[in-house]
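The structure appears right after this line, and notes come after that.
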Amino acid sequence: MKIHNTLTRKKEEFKPIKKDSVGLYTCGPTVYNYAHIGNLRTYVFEDILKRVLLYNGYNVKHIMNITDVGHLTSDEDEGEDKIDVAVQREQKTPQQIADFYTQAFKEDLSKLNILEPEIWCKATEHVSDMIKLIQKIEKNGYSYIGKNGNVYFDTSNFAGYGNLANLDFESLNTMARTEIDKDKKHPRDFVLWFSIKGSKFKGHILKWTSPWGEGWPGWHIECSAMSMKYLGEHFDIHCGGVDHIPIHHTNEIAQSESATGKKWVNYWLHGEFLLMKEGKMAKSAGNFVTLKTLIDENYDPSAFRYMCLNTHYRKKMNFAFEGLDSAQNTLSTLIENIRILQEKQEGETRQGKVEDYKKKFLEVINDDLNMPKALDVIWKLIRDEKNISNQDKYGMLLDFDKVLGLGLGGIEEKLQIPQEISDLIQKREEYRKKKDWKKADEARKELLDKGFILQDTSTGTILKKNNK
RNA sequence: GGCGUGGUACCCAAGUAGCAAGGGAGCGGUCUGCAAAACCGUUAUGCGUGGGUGCAAAUCCCACCCACGCCUCCA
């Protein structure tokens, strides 16, 4: 399979370090608030990557972190810790905040049919690993301590700093909007360990003792420490959002490789942003949409997933409710087709045709996860009247859904039918037999008022929940 | 100011040189007591604008216009 590597800005053939298994690290959430659908788009992309790897037969060891400390709103030791902000806002302990939003995050993933990582790791439970890593960096001469007591990473000492992002430091920061931390030797240096001693932010609740005094770890160090702990000092794939390329991932590489003295990650994959009409999604712009917002508007979370699949992960995706309506309609049609295929197992399959579709599907998903094309393949398959039996179509669609993750298997049993509703359906059937269309239609109308849609199809009468 | 991405039908969106995917919406039809669903047909001589290269351009080159992102924390 081919994937686009940010390191080289090219599509490359994927070659794992070990023959059949893949180490995958994906940057997880900072758990101080709900995830918005822009965040979730990235997790959907990473899920697709993981599913494609699995579909290709690899064992995937997937690690995702939970950032529950040390993530300041600015890197310059003048911002606020996001967890602390939530603590003030909600009058809870840091632990309660982190637990609550971690739970909410996991529920979102589950609703979007995103596979859970093999290992979840919390920053607060790995501070000692981070300290050990900082000590290695220190020993190798890549750090210094500022007057404020913070431990900084010395970027000028690390050859190739910024290669991931193609950064040009001569022209960088000419329009920097933040004040430069005076304790840094160079503006692009970053904090490995925040010391409480010289910090303007003495109120920080979470703190640990360290060789550099009391304090807390910088944000970037957690991903380096935890990924290496679980995947080794050299592993296959690291993912995140594009925004992480110039700062977070650039710094992670510098820290990790200066600690171990060797190459850290082979492939970097980055998911593009979801944009609203007003631009990037941000609370300050008042366009913060969560999965719950969508569910409250009666959208199926899978419709959002379908929408994500319909745009390639390296393209900016425009989110609008009209687009989500479109995805929701598409998904209904898709599910209806699956239902019909399941009930009408007929038709004949011409030799080799199943293999053709499977080959085509594999080819497009292995071409840098081209899911829009994969959807093209499944629609062509559904509408192929001549070559494939319903049974084979059904089987293939469920197989392809291992990658798409739209939950196409097991779609029926969801609906719970109250007694009153089934009585009404029964009554309508009797009217229909007597050809009393007026009363039958009244019954159908009554069902609609109670939130159920009744449809007479060629395979019998079916009941659906009315979502709109 | 620097760097980068993109502009394809009414909407979303593939396609990076060889006849413009797919989905939604609309319109026409088939089926059905009706409705709905489903299915079939249909909707870009055209790919932001203007030049250029080439047998051939949405695709490569140049210029311009527009939108967005990054250079602050960020998916």
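Everything quoted here is computed from the prediction, not taken from an experiment. Throughout, protein chains are lettered first and strands after them, A, B, ... in sequence-line order, and every chain is numbered starting at 1.
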Are A/K2 and A/E13 within salt-bridge range, i.e. N to O under 4.0 Å? no

Return the nearest nucleotide to the side chain of A/K280; candidates are B/G4, B/A75, B/C39. B/A75

Which whole-number value in Å describes the distance from A/L448 CG to B/C34 P? 19 Å

For A/W379 and A/R432, find the nucleotide of RNA chain B closest to each by heavy atoms; which residue's nucleotide sits nearer the 5' end? A/W379

From C-beta outward on A/I340, which listed nucleotide comes closest to its side chain: B/G23, B/A38, B/C73? B/A38

Sticking with atom C1', work out how far B/A14 lies from B/C73, rounded to a whole angstrom. 34 Å

Using whole Å, what does the distance between atom C1' of nucleotide B/C70 and atom CZ of A/R9 come to? 11 Å

Interatomic distance at C1', B/C60 relative to B/C47, whole Å: 15 Å

Select one nucleotide: of B/A36, B/G15, B/A38, the one nearest the side-chain heavy atoms of A/N337. B/A38

Determine the contact category for A/G38: base if any of its heavy atoms lies under 4.0 Å from a base atom, sugar-phosphate if only primed atoms, P, OP1 or OP2 are that close, otherwise nothing. base

A/E429 CD to B/G33 C1': how many Å, rounded? 13 Å

If pairing means Watson-Crick or G-U wobble with both distances under 3.5 Å, then the partner of B/U59 is none

Taking the minimum atom-to-atom distance to the side chain of A/D456, which one of B/C34, B/G24, B/A36 wins? B/C34

Would you mind classifying the nucleic acid contact of A/H270 as base, sugar-phosphate or nothing, using non-hydrogen atoms under 4.0 angstrom? nothing

Would you say NZ of A/K427 has more than 12 non-hydrogen atoms from neighbouring residues, nucleotides or ligands within 6.0 angstrom? no

Could you tell me whether A/L274 contacts a base, only the sugar-phosphate backbone, or nothing, with contacts defined as non-hydrogen atoms closer than 4.0 Å? base

Considering Watson-Crick and G-U wobble pairs with both distances under 3.5 Å, what does B/U5 pair with? B/A67

Could you check how far CG of A/L109 sits from P of B/A75, rounded to whole Å? 13 Å

Please tell me if the side chains of A/R305 and A/D47 come closer than 4.5 Å, counting only heavy atoms from C-beta onward. yes

Looking across every strand, which nucleic acid part, if any, lies under 4.0 Å from A/E322 by heavy atom: base, sugar-phosphate, or nothing? nothing

Contact class for A/K373 (heavy atom, under 4.0 Å): base, sugar-phosphate, or nothing? sugar-phosphate

Pairing nucleotide - B/G28, Watson-Crick or G-U, each distance under 3.5 Å: B/C40

Quick one: does A/N150's side chain have a donor or acceptor within less than 3.5 Å of a partner on A/V191's backbone? no

Measure from CD1 on A/I247 to C1' on B/C3 and round the result to the nearest Å. 13 Å

Out of B/G69, B/C12, B/C34, whichever nucleotide has its closest atom nearest the side chain of A/R444: B/C34

Ignoring hydrogens and geometry, is there a side-chain-to-backbone donor-acceptor pair from A/H312 to A/D368 under 3.5 Å? yes

Quantified in whole Å, what is the C1' atom distance between nucleotide B/A57 and nucleotide B/G1? 35 Å

Centroid distance under 5.5 Å and plane angle under 30°, A/W437 vs B/G33: yes

Note, A/K373 side chain near A/D367 side chain (heavy atom, < 4.5 Å): no

For A/N329, which contact category applies under a 4.0 Å heavy-atom criterion: base, sugar-phosphate, or nothing? sugar-phosphate

Backbone of A/L408 reached by a side-chain donor or acceptor of A/D401 within 3.5 Å: yes

For A/Q391, does the CD atom have more than 12 heavy-atom neighbours from other residues, nucleotides or ligands under 6.0 Å away? no

When the C1' atoms of B/G48 and B/G54 are considered, how many whole Å apart are they? 23 Å

Output yes when at least one side-chain N/O atom of A/N318 is less than 4.0 Å from OP1 or OP2 of B/A13, else no. yes

Rounded to the nearest angstrom, tell me the gap between atom CE in A/M317 and atom C1' in B/G7. 18 Å

Would you indicate which nucleotide in B/A13, B/G24, B/C34 comes nearest to any side-chain atom of A/T311? B/A13

Inter-nucleotide C1' distance (B/A58, B/G46), Å rounded: 9 Å

Check against side-chain contact (heavy atoms from CB on, under 4.5 Å), A/F45 and A/C308: CA-CA 8 Å; A/F45 140 63; A/C308 292; over 6 Å; no

Does a side-chain N or O from A/R383 land closer than 4.0 Å to OP1 or OP2 of B/C39, or not? yes

Pairwise C1' distance for B/U49 and B/A36, with rounding to whole Å: 46 Å

Under 4.0 angstrom between A/N370 side-chain N/O and B/A21 OP1 or OP2: no

Counting the atoms with a prime plus P, OP1 and OP2 as sugar-phosphate, which does A/L454 contact under 4.0 Å by heavy atoms, base, sugar-phosphate, or nothing? base

Which base sits across from B/U45 as a Watson-Crick or G-U pair, both distances under 3.5 Å? none

Suppose you measure atom P in B/C71 against the same atom in B/C61; what distance do you get, rounded to whole Å? 28 Å

Rounded to the nearest Å, what distance is computed from the CD1 atom of residue A/I382 to the P atom of nucleotide B/G22? 13 Å

With the side chain of A/E385 defined as its heavy atoms from C-beta on, choose the nearest nucleotide among B/C39, B/G33, B/A14. B/C39

Using whole Å, report how far CG of A/L375 lies from C1' of B/A13. 10 Å

What does B/A35 pair with, Watson-Crick or G-U, if both distances are under 3.5 Å? none

Say we look at B/G69 and B/U45: how far apart would their P atoms be, to the nearest angstrom? 32 Å

For A/G241 and for A/Y313, find the nucleotide of RNA chain B with the closest heavy atom, then tell me which residue's nucleotide is more 5'. A/Y313

Of all the choices, B/C34, B/A38, B/G69, which nucleotide is nearest to the side chain of A/T333 once you look at every atom? B/A38

Nucleotide of B/G23, B/G69, B/A14 approaching A/T330 most closely (side-chain heavy atoms): B/G23

Checking contacts here: which listed nucleotide (B/G23, B/A75, B/A21) is nearest the side-chain heavy atoms of A/F273? B/A75

